[in-house]
Structures are given as structure tokens and as C-alpha cells.
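Everything below concerns the one structure shown next.
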Amino acid sequence: MADSRRELLLDDKAVERVLARMAREIVERVEDLPNLLLIGIHRRGVHLARWLSAEIERAESTPIATGTLDITLYRDDLMAIGPRPIVGETRLPTGGIDGRTLVIVDDVLYTGRTVRAALDELADFGRPRRILLCVLVDRGGRELPIHGDIVGKSYDVGGADRVEVLVPAIDQRSGVELVKGAME
């Protein structure tokens, strides 16, 4: 039975087209591809970063390094999520991030607080030359002065609604859905 609160914003083919365009935008904005590092924010940003890396490598014949970032301990609402948060792995390349161009990859940009936490964590690991933000969906509703440099799609989403990005490794399919009233 279909959930009447769910609305499909992007199907799997549309997600593929949007990610392919985003990969081309990354290539256009970054001068030194061998010095590029795509860092996915756990959970779905990691899968999107890997997809973008594979797409860039396929198109440009240049391997693109990826890393993962778990921002749990850098969240400004850490105390609100309980005494035993589940912490994932932050994994950066052996050469580190100093002097590199980083692209932080996340699924949905909303308040900007996740990105702020990511920037705080990255500062503990070094000083990149440049950082860009790449998000599949910008849903509006910013609380901090943060914007996406490379944005797949923008939607004006109400505060009570949630945007869900689906990736095959977690959800067994890809897509983007709007869940109405999910945050009430």
C-alpha cells in the first residue's frame, strides 16, 4: 500500500542525470583533479561521494580520492540525541587534507548545522586549500549562512516536511521523496 504522505520528487533515472551533471560541475570548478578529495557525510553522503567519484573517473580517466566524515561528535545538539550516540567512521586519505581541494558531499542541505559540524571536524585534520559543498537536494530553511556550491535540485519544503534521499546500498533503490508532515 502506498503512503499518501510520500511524494516522489526524483526517480532513479532523474537521480542519475542530476548526479552526472553535478560530477561535470565539480570537474569544471576544480582545476587540479588529482588533488581533489570528495568527502561524504555519513550516511547517504558517503554513497553519493562514491558515485560522483566513479562518474568523474569514468569521464576524465583520473582516479578521484574519497573519504568519509562522521560529524556525530561535532553536532551542536549532541546532548539532545542521548548519552550513547552511534558514531561512525571518519576516514581520510593517508596524505591528509592539507593543501587539497575538498568537496563535502551530503544528501540534503537544510539548516546548515550538519555542514558547520563537518567544517569543524575537518579543521581538526588540517587546512585544505579550498572547500566546496555539494548537495543532491537543497530544501531551504537555513539557520546558518551556508550555501551549496554544487546543488542537484532545489525545493521549497515546509518545516513540517522531510526530504528523503534513497540510495541502493541502504534503501535498495535510488530516488528522492518528500514526506509530508514527517517532522510534526
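Every heavy atom of this structure was used, including side-chain atoms; hydrogens, water molecules and symmetry mates were not. The chain is numbered in sequence order, starting from 1.
- Atom CG of D98 has more than 12 neighbouring heavy atoms from other residues, nucleotides or ligands inside a 6.0 Å radius.
- Of the possible polar contacts, none joining the D161 side chain to the V157 backbone as a donor-acceptor pair under 3.5 Å is found.
- Around atom CZ of R113, more than 12 heavy atoms belonging to other residues, nucleotides or ligands sit under 6.0 Å away.
- With no hydrogens or angles considered, no side-chain donor-acceptor pair links R130 and T101 at under 3.5 Å.
- Looking at T90 and E121, their side chains do bring a donor and an acceptor atom within 3.5 Å of each other.
- V105 and I56 end up in the same hydrophobic cluster when Ile, Leu, Val, Met, Phe, Trp and Tyr side chains are linked at under 4.5 Å.
- With rounding to the nearest 0.5 Å, the separation of CD1 in I64 from CD1 in I26 is 9.0 Å.
- Linking Ile, Leu, Val, Met, Phe, Trp and Tyr residues whenever their side-chain heavy atoms come within less than 4.5 Å places L52 and L136 in a single cluster.
- A salt bridge is defined here as a Lys NZ or Arg NE, NH1 or NH2 lying under 4.0 Å from an Asp or Glu carboxylate O, and R6 with E164 meets this definition.
- Checked by atom type, the side-chain pair D124/Y74 shows a donor-acceptor distance below 3.5 Å.
- Figure legend: R139 and Y155 shown without cation-pi pairing, the cationic atom not lying both under 6.0 angstrom from the six-membered ring centre and within 45 degrees of its axis.
- Taking each heavy atom of M22 and C134 in turn, the nearest pair found is CE-SG, 3.2 Å.
- Classification of E25 and R21 as a salt-bridged pair holds, one side-chain N sitting under 4.0 Å from a carboxylate O.
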